[in-house]
Amino acid sequence: MTMPHTIDVCAVLRSAVNQNYGNLLTRDTGMAVRHQIERELMANREGGITSLDFSSIGLMDYSCADEVVAKLLVLLQNDDLTRGGYVIFRGIGEDHLELVESVLKHHGLALVCLCEDGNPRLIGRVSEAERRAWDMVRVRGTACPADLADEFGFGEDFVAGVLDELSRRRLLRRGTSGFVALDATEQVQ
Amino acid sequence: MNVITVPSSLDDQSFEQVLEQLAPLPADARILIDARNTTWASPYGLTALLTLAQTRAEKPQFMPPVKDDTSSYWSRANFFRYAEDLFEIVGSVPFQRPERDSRTLLEITPVSRSDDVHTVVERIQAKAAHILTENLHLESRAVMGFAMALSEACQNIVEHAGRGGWVAVQNYNYRKRMGRHVVQIAVCDAGVGIRQSLESGNRRPLTDRWDDGVALESAVIQGTSRFPDHGRGQGFKGIRGYLRKWKGKLAVRSGTARVADVPPWDDDVVRRDHLAPMPGTQLFIMIPEEVDR
């Protein structure tokens, strides 16, 4: 067992552009940052959870958020589920939240964000059913479709479909005994 | 010599008078820009003058304002620092005093690379936060959007213009129209312009109706980019969203057209066509003081 893998996005930014920047600005910068994050994620595959820490980032613009957040998520979603990793975003302040949500909604994406109170939150574009199912799994920690079917009220097959979709979008993790909520404190396998 | 007279008050609207005088002249015609009687210029006016000089095949002559305080302000705004390379200055320009004008958030600054955008935003970050909250009485969350709007506006040069441009940001009391403080961002370039940028990416729609005005609406209002990626073209959407929230104004001029997001306090028109031609793209952003607190 190892400690959770955390990537300090500000440190990546400074390393990627070789400057003492604290702001995520411009598409070129975003591309350089994303490429470096992708390389670090490659080292943490096979179902591991990586925490992307934005807490030291100052300002952010749409172009950079599109490159760093949206394109990274698109890449993860298109990856092979059996080998790809999972990402939790943390330190996205209220100032950034609106902008990040806008970028996510434009692409039809969602992410799990760890809030200041320590609770994970789903932001971006998700259906009502997906949000409900995600919340139920988060409260339980782990759940299979049969556990949620009664509360959901739409039958086990429907719930299984929703959970599968959340798993495909890497908003939940598929474990041996059901679907598992993403939790940045969880230790990497 | 063809004399082009600069209006006494030079802003985004009155700059059209300069372009109208230039329109009948070929690009290589010898011109003299006469700003002797100009007493006031907005950031847009100053950056557009530099942009105009870049479009001329023959280096234009330039006569600075005769009023000392006007000329001195232009100097502090960095106008002459760049004008001396782009114009043949007729007469003398004031020595640039080292102290900075308190109204100026960002003196005229060249932008051509992504690094320049970082530099611009980081240079004005603290001062912008103070001006937006203290002078414009906006909530602190307006500061983040301001930096985003500035960054996206400057990136338009880096991504699409094909040549360097200019940015300037200033806070002033807009007595003429509002009697309120405003912050104005001007971003001007003499590059390929929006229509040619879209054409270069094969983003021209399948319609016979295609001109500078249609191209501008497509880019600014519909978020079309010359790049096919789904995430492109969101910069203008972000700027417009920010300005709607804080009752600001955006006007974009490119080629022979201009489109504007007009806030309730203004009576500008949403779109103008058949204007005198101006190469490149010129952005005007104005954020007003909040008075309905």
Side-chain angles (χ1 to χ4, degrees), chain A residues 10 13-35 54-75 77-78 91-109 111 124-125, chain B residues 111-126 128-129 132-133 138-160 167 185 187 222-227 229-246:
Chain A
C10 192
L13 165 68
R14 288 174 177 168
S15 158
V17 296
N18 201 23
Q19 296 280 349
N20 198 29
Y21 294 150
N23 298 326
L24 278 180
L25 304 172
T26 82
R27 202 163 275 280
D28 288 348
T29 300
M31 204 179 298
V33 169
R34 174 167 50 82
H35 287 159
F54 284 74
S55 54
S56 298
I57 291 294
L59 305 169
M60 204 187 293
D61 70 21
Y62 275 87
S63 299
C64 206
D66 188 68
E67 287 291 335
V68 175
V69 178
K71 287 193 173 169
L72 185 69
L73 291 176
V74 168
L75 191 83
Q77 285 192 7
N78 292 336
I92 296 182
E94 287 299 317
D95 285 346
H96 297 139
L97 208 53
E98 196 177 336
L99 186 144
V100 171
E101 286 235 66
S102 169
V103 168
L104 292 173
K105 285 181 176 168
H106 178 76
H107 286 269
L109 295 166
L111 57 81
R125 179 157 288 169
Chain B
V111 173
S112 59
R113 301 172 306 142
S114 285
D115 277 357
D116 297 331
V117 181
H118 276 276
T119 305
V120 159
V121 173
E122 300 209 358
R123 265 179 59 192
I124 73 165
Q125 206 168 321
L132 292 178
T133 54
L138 303 182
E139 294 167 35
S140 57
R141 66 194 170 101
V143 177
M144 173 74 76
F146 176 82
M148 177 278 298
L150 178 61
S151 173
E152 294 292 350
C154 290
Q155 278 181 78
N156 198 52
I157 296 176
V158 177
E159 297 266 332
H160 304 287
V167 57
I185 300 173
V187 180
Q222 291 148 28
T224 308
S225 164
R226 77 184 160 106
F227 299 103
D229 326 7
H230 182 54
R232 295 281 188 155
Q234 293 304 295
F236 276 128
K237 182 182 168 190
I239 294 172
R240 292 174 62 219
Y242 172 72
L243 293 174
R244 266 196 299 274
K245 183 176 292 176
W246 304 105

Look at the rings of B/His230 and A/His106 and say which category their plane angle falls in: under 30° parallel, 30 to 60° tilted, over 60° perpendicular.
parallel
Measure A/Asp66 against the heavy atoms of chain B and call it side chain, backbone, both or neither at under 4.5 Å.
side chain
When the 4.5 angstrom heavy-atom criterion is applied to A/Glu94 and chain B, the contacting part is neither
Answer yes or no: is there a side-chain heavy-atom contact under 4.5 Å between [X] and [Y]?
| X | Y | value |
| --- | --- | --- |
| A/Glu98 | B/Lys245 | yes |
| A/Tyr21 | B/Asp115 | yes |
| A/Leu59 | B/Val121 | yes |
| A/Asn23 | B/Gln125 | yes |

Taking A/His96, A/Glu67, A/Arg27, A/His107 one by one, which has the highest count of heavy-atom pairs under 4.5 Å against chain B?
A/Arg27
Please report the shortest heavy-atom distance between A/Asp28 and B/Ser114, naming the atom on each side.
OD2-OG, 2.8 Å
Residue selection (most heavy-atom pairs with chain A, distance under 4.5 Å) from B/Arg113, B/Lys237, B/Arg141, B/Glu152
B/Glu152
Any donor-acceptor N/O pair, B/Gln234 side chain to A/Val103 backbone, under 3.5 Å:
no
Any sub-3.5 Å donor-acceptor pair from B/Gln155's side-chain atoms to A/Ser63's backbone N or O?
no
With rounding to the nearest 0.5 angstrom, report the CG to CE distance, A/Asp95 to B/Met148.
12.0 Å
